[in-house]
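Single-structure report; data block below.
Just so it is clear, the values below take in all heavy atoms, side chains as well, and ignore hydrogens, waters and symmetry mates. Please read these numbers as outputs of a predicted model, since none were measured by experiment.
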Amino acid sequence: MSRVIVSPSILSADFANLERDIKLVENAGADWIHVDVMDGHFVPNITIGVPVVASIKKITSLPLDVHLMIDNPEKYINAFAQAGADIITFHYEAVNDVDRVIDLIKSCNVKAGMSINPKTEPKLVIPFLKKLDLLLVMTVEPGFGGQKFMPDCADKIPLIKKNAGENLIIQVDGGINAETARICTDFGANSLVAGNYIYKSNNKKEAILSLR
């Protein structure tokens, strides 16, 4: 299997020292920066928006992995793309026309990702896998960091991998640590999002390496 892409979530960073904390994980070997965008509607929390993504773009060379946990994501895709997102991931559950949203993201010259919540059956997204660049499997309920990994959600990965194109990135987000990372990569995941596990570690380089 190819190298696992590690995408630290800045949801666990110190927002008063965001540039410092992004540089810490960049220097520790992170591949991407995961940006959780929440609107207080699709999920019961509010985080950050377009201006913060634009600011982050100025201080890191890493790809920005922008995860839209919002209703009506199609309204904001162009703005996030212009702000510097390299990957935009929307939720299957938040849209009515999946193909249209994928096409909209790709028209902005950005990689298209889609996420599924814990209760969403993986068979529902099989028709879209070959159009996507990334499929994100949530292993916690979206909206808050620090939740416990839900192992039954990782069981979705083999079916997704079986039906995906060979270039699809299968990403997992939620309760990821060295132990749960191994469960996911053994099933076929090749990208991992981790927040608390990396940011609360005294040695961020070792934490990132342990996920690979």
Side-chain angles (χ1 to χ4, degrees), residues 2 4-7 9 11 31-39 41-43 47-50 52-54 56-57 62-143 153-174 184 187-193:
S2 60
V4 173
I5 298 165
V6 177
S7 187
S9 170
L11 189 61
D31 299 294
W32 296 348
I33 298 295
H34 192 82
V35 183
D36 289 304
V37 177
M38 307 180 193
D39 63 358
H41 295 282
F42 183 71
V43 292
T47 54
I48 60 178
V50 171
V52 176
V53 172
I56 293 170
K57 189 68 176 180
L62 295 182
L64 299 186
D65 173 22
V66 178
H67 179 189
L68 302 182
M69 288 178 264
I70 63 175
D71 285 332
N72 303 309
E74 60 273 20
K75 292 183 178 180
Y76 304 98
I77 285 166
N78 186 60
F80 277 106
Q82 290 190 356
D86 295 281
I87 306 108
I88 295 178
T89 299
F90 66 96
H91 270 260
Y92 170 80
E93 303 85 3
V95 303
N96 293 318
D97 188 338
V98 170
D99 284 307
R100 176 173 171 266
V101 179
I102 295 172
D103 291 341
L104 181 57
I105 296 172
K106 292 196 168 189
S107 74
C108 295
N109 295 314
V110 173
K111 289 186 183 299
M114 185 167 72
S115 181
I116 54 173
N117 284 345
K119 292 179 182 176
T120 298
E121 293 292 331
K123 64 184 179 182
L124 296 174
V125 301
I126 288 174
F128 311 107
L129 293 179
K130 289 190 168 75
K131 283 188 71 173
L132 289 164
D133 298 296
L134 180 149
L135 192 286
L136 169 54
V137 177
M138 293 298 300
T139 46
V140 297
E141 292 293 340
C153 295
D155 293 342
K156 301 174 184 180
I157 298 170
L159 181 63
I160 291 165
K161 185 173 178 62
K162 179 181 177 181
N163 289 278
E166 61 181 49
N167 294 320
L168 182 72
I169 297 167
I170 301 175
Q171 187 176 69
V172 183
D173 183 1
C184 297
F187 276 139
N190 53 4
S191 178
L192 300 169
V193 176

Can you tell me how far the CG atom of Asp71 sits from the CG atom of Leu68, to the nearest 0.5 Å?
-> 11.5 Å
Taken to the nearest 0.5 Å, the spacing of Asp31 CG from Ser191 OG works out to 8.0 Å
Looking only at non-hydrogen atoms, find the nearest pair between Val172 and Cys184 and report the distance.
-> CG1-SG, 3.7 Å
Nearest heavy-atom contact between Lys123 and Pro127 is O-CD, 3.9 Å
Quick one: does Lys106's side chain have a donor or acceptor within less than 3.5 Å of a partner on Lys131's backbone?
-> yes
Spatial distance of atom OH (Tyr92) from atom CG (Asn117) [nearest 0.5 Å] | 11.5 Å
Show your reasoning for whether side chain to side chain contact (heavy atoms under 4.5 Å, CB included) applies to Asp86 and Val110.
-> CA-CA 5 Å; Asp86 295 281; Val110 173; 5.8 Å; no
Among all residues two or more places apart in sequence or in another chain, which pass the side chain to side chain donor-acceptor pair (under 3.5 Å) test with Ser9?
-> Asp36
Would you name the heavy atoms of Pro73 and Val95 that are closest together and state the gap between them?
-> CG-CG1, 3.5 Å
With sequence neighbours excluded, what pairs up with Tyr76 under the ring pair (Phe, Tyr, Trp, His ring centres under 6.0 Å) test?
-> none
Ignoring hydrogens and geometry, is there a side-chain-to-backbone donor-acceptor pair from Asn190 to Ile170 under 3.5 Å?
-> yes
Among Thr89, Ile169, Leu168, which one satisfies side chain to side chain contact (heavy atoms under 4.5 Å, CB included) with Leu132?
-> Leu168
Any sub-3.5 Å donor-acceptor pair from Lys111's side-chain atoms to Ile87's backbone N or O?
-> no
Take Lys119 and Glu141 through the test side chain to side chain contact (heavy atoms under 4.5 Å, CB included) and record every step on the way to the result.
-> CA-CA 9 Å; Lys119 292 179 182 176; Glu141 292 293 340; 4.3 Å; yes
How about Pro118 and Thr139: do any of their side-chain heavy atoms sit closer than 4.5 Å?
-> no
Atom pair NZ (Lys161) and CZ (Phe187), whose distance is rounded to the nearest 0.5 Å | 13.0 Å
To the nearest 0.5 angstrom, please state how far the CG atom of Asp173 sits from the NE2 atom of His34.
-> 4.5 Å
In terms of ring plane angle, is the pair His91 and His67 parallel, tilted or perpendicular, where the classes change at 30° and 60°?
-> parallel
Where is the tightest heavy-atom contact between Met114 and Val98, given as atom of each residue plus distance?
-> SD-CG1, 3.6 Å
d(Leu129 CG, Lys162 NZ) to nearest 0.5 Å is 13.0 Å
Does the side chain of Asp65 come under 3.5 Å of the side chain of Gln171 through a donor N or O and an acceptor N or O?
-> yes
Is Asp97 reaching over with its side chain to a backbone N or O of Arg100, donor-acceptor style, under 3.5 angstrom?
-> yes
With side chains defined as the heavy atoms from C-beta onward, is the minimum distance between Val4 and Leu192 less than 4.5 Å?
-> yes
Is there a donor-acceptor pair under 3.5 Å between the side chain of Ser115 and the backbone N or O of Phe90?
-> no
Exercise: identify the closest heavy-atom pair between Leu64 and Val53 = CD1-O, 3.8 Å
What is the minimum heavy-atom distance between Lys57 and Gly84, and which atoms define it?
-> NZ-O, 3.2 Å
Classify the side-chain pair Glu93/Thr120 by whether it contains a donor and acceptor separated by less than 3.5 Å.
-> yes
Can any side-chain N or O of Thr47 pair as donor or acceptor with the backbone N or O of Met38 at less than 3.5 Å?
-> yes
Report yes if some heavy atom in the side chain of Val37 is under 4.5 Å from a heavy atom in the side chain of Phe80; otherwise report no.
-> yes
Ignoring hydrogens and geometry, is there a side-chain-to-backbone donor-acceptor pair from Asp39 to His41 under 3.5 Å?
-> yes
Apply side chain to side chain contact (heavy atoms under 4.5 Å, CB included) to the pair Ile126 and Leu159, showing each step before the final yes or no.
-> CA-CA 9 Å; Ile126 288 174; Leu159 181 63; 4.2 Å; yes
